[in-house]
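The block underneath contains the structure these notes are about, expressed in structure tokens.
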Amino acid sequence: MKPAPFAYHRPATVEAALHLLAEHAGEAKPLAGGQSLIPTMNFRLSQPKVLIDLGDLDELRGIQAGRHGLHIGAMTTHAAVEASPVVADLAPLLAETMPFIAHPQIRNRGTIGGSLAHADPAAELPAVMLVLRAQFGLLSSRGHRKVKAADFYTGLFTTALEPQELLATIEIPKPEKRTGYAFAEIARRHGDYALVGVAGAVTLDRKGLCDGVRLALLSVGDGPVVCTGASQLMAGRAPTDDLIREAAEAVAAKDIDPPSDIHASAAYRRQLTRVLVARVIEQAAARAGGAAK
């Protein structure tokens with residue numbers, strides 16, 4: 001199929017892009033990497049009247065280490081994030097997750113901001129950003145505002161972005177002390193959308209007891225799902241095998257309401273959740289213990 005007719009603009013500056021978004025509010029779509037938007041336009045699931053290509057906006061690209069953590073421009077490609085030693089140092093969970101995103105060809109073109117703004121419930125990056133407590137910088141012709149990842153995702157393919165806004169920056173705090181991170185997912189084939197995915201962080205106190213467990217899941221709801229059951233159950237306790245299994249069961253039984261579709265039943269997704277949550281907590285806790293030494 002072919003997309004519906006649309007007007008095309010390729011602004012040379014962020015200011016010009018914001019002006020176009022304001023001028024065509026509600027009718028325009030920004031084009032970042034295009035790996036999600038173009039297919040949906042070809043199937044006419046998305047029919048913007050105006051397409052604003054951000055490809056020339058180099059000021060929205062780049063990875064920088066700051067005093068408080070990591071700063072990533074929204075137009076930075078997945079491949080650049082994946083290859084960055086700065087990301088590996090300051091956001092090991094993000095670095096670990098990148099190879100799971102689609103295929104190399106997609107990662108070469110797709111952008112981190114495009115993926116986050118698209119808000120696919122099966123996408124890895126929204127869940128990762130929730131665990132990392134990231135903050136997003138949003139730009140419009142009216143100014144700049146920051147939104148926490150926890151407040152950014154509002155429903156199925158929907159975010160806090162207003163029609164005149166661009167996701168411009170991603171800010172990730174420095175890794176916390178005595179904290180380990182891990183990511184795991186199951187897909188029918190590597191590169192396919194995951195049936196279930198889990199991003200997690202475990203913080204241990206000086207005695208080796210759980211001081212915090214953060215988990216976010218993908219492909220089990222209308223968006224990334226933050227799970228609290230494991231954190232409440234494990235607080236102040238040693239991460240033993242039995243406790244980890246109990247926490248994974250709590251997440252699978254109470255924290256999620258997974259869909260059934262042509263790829264997997266809800267019951268199967270719950271079982272995958274049990275397995276992956278246990279795996280992620282175990283690995284993150286082991287890494288936290290190593291970081292504390």
Side-chain angles (χ1 to χ4, degrees), residues 68-72 78 81-82 84 87-101 112-113 115-117 119-136 146-154 159-160 167 170-186 194 196-204 210-235 239 244 247-248 250-252 255-256 272-273 275-291:
H68 301 293
L70 187 64
H71 177 102
I72 305 175
H78 299 314
V81 174
E82 182 180 5
S84 170
V87 172
D89 181 44
L90 293 179
L93 175 61
L94 180 57
E96 181 177 351
T97 303
M98 296 311 297
F100 288 93
I101 297 174
I112 185 170
S115 177
L116 292 170
D120 193 313
E124 293 86 356
L125 289 179
V128 168
M129 294 301 166
L130 285 169
V131 170
L132 293 177
R133 293 173 172 166
Q135 190 168 238
F136 303 145
K146 292 185 177 182
V147 177
K148 295 178 180 179
D151 300 323
F152 188 71
Y153 295 99
T154 58
T159 71
L167 173 55
I170 299 98
E171 298 175 7
I172 300 172
K174 288 183 177 180
E176 298 163 88
K177 294 181 179 179
R178 297 185 296 277
T179 299
Y181 303 87
F183 180 86
E185 72 174 34
I186 294 292
V196 175
V198 182
V202 174
T203 301
L204 302 179
C210 290
D211 193 32
V213 177
R214 297 197 303 278
L215 295 170
L217 276 64
L218 53 115
S219 288
V220 294
D222 289 342
V225 177
V226 176
C227 300
T228 59
S231 180
Q232 295 170 356
L233 187 64
M234 298 183 70
I244 290 173
V251 170
D255 280 346
I256 61 172
L272 288 181
T273 297
V275 173
L276 294 182
V277 167
R279 187 178 301 172
V280 163
I281 293 176
E282 181 181 15
Q283 190 169 36
R287 290 172 174 173

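Quantities reported herein were computed from a predicted structural model and do not represent experimental measurements. Reckoned from all heavy atoms, side chains included, excluding hydrogens, waters and symmetry mates.
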**Study point:** Side-chain heavy-atom pair Lys177, Thr203 within 4.5 angstrom cut-off
**Key:** no
Review point. Ignoring hydrogens and geometry, is there a side-chain-to-backbone donor-acceptor pair from Thr273 to Ala252 under 3.5 Å?
Key: no
Review point. What closest approach, in Å, do Ala117 and Leu167 show between heavy atoms, and which atom pair accounts for it?
Key: N-CD2, 4.2 Å
Review point. Where do Leu215 and Ala230 come nearest, in terms of heavy atoms and distance?
Key: CD1-CB, 3.7 Å
Practice item. Decide yes or no for Leu217 and Cys227: does some side-chain heavy atom of the first lie under 4.5 Å from some side-chain heavy atom of the second? Key: yes
Check your understanding: Are the side chains of Ile172 and Val87 in touch, meaning some heavy atoms are under 4.5 Å apart?
Key -> no
**Study point:** Euclidean distance, Arg287 CZ relative to Glu96 CD, rounded to 0.5 Å
**Key:** 4.0 Å
Revision key, fill the gap. Distance col, row Leu132:CG vs Thr97:OG1, nearest 0.5 angstrom, shows 8.0 Å
Practice item. Of all the heavy-atom pairs spanning Ile244 and Met234, show the shortest one and how long it is. Key: CG1-CE, 4.1 Å
Practice item. Could you pull out the closest heavy-atom pair between Gly180 and Ala288, with the gap in Å? Key: N-CB, 3.4 Å
Check your understanding: Short question: side chain of Arg178, backbone of Leu204 - any donor-acceptor pair under 3.5 Å?
Key -> yes
Review point. Between the main-chain N or O of Gly113 and the side-chain N or O of Ser115, is there a donor-acceptor pair closer than 3.5 Å?
Key: no
Check your understanding: Hey, does Met98 have a side-chain heavy atom less than 4.5 Å from the side chain of Leu125?
Key -> yes
Study note, to complete from the structure: One should read off an interatomic distance between Glu82 CD and Leu94 CG, to the nearest 0.5 angstrom, of 10.0 Å
Exercise for review: To the nearest 0.5 Å, tell me how far Phe100 CZ sits from Glu185 CD.
Suggested key: 6.0 Å
Practice item. Decide yes or no for Phe183 and Leu276: does some side-chain heavy atom of the first lie under 4.5 Å from some side-chain heavy atom of the second? Key: no
Review point. Where is the tightest heavy-atom contact between Pro175 and Tyr181, given as atom of each residue plus distance?
Key: CA-OH, 3.6 Å
Review point. Minimum heavy-atom separation for Gly200 to Val131, with atom names?
Key: C-CG1, 3.8 Å
**Study point:** Check: Ala250 main-chain N/O paired with Asp255 side-chain donor or acceptor under 3.5 Å
**Key:** no
Check your understanding: To the nearest 0.5 Å, what is the distance between CD1 (Ile170) and CG (Leu116)?
Key -> 5.5 Å
Check your understanding: Do Leu218 and Pro121 come within less than 4.5 Å of each other through their side chains, counting heavy atoms only?
Key -> no
Point to revise | Value rounded to 0.5 Å, distance of OG1 in Thr179 from CG in Leu93 | key: 11.5 Å
Check your understanding: Hey, does Met129 have a side-chain heavy atom less than 4.5 Å from the side chain of Phe136?
Key -> yes
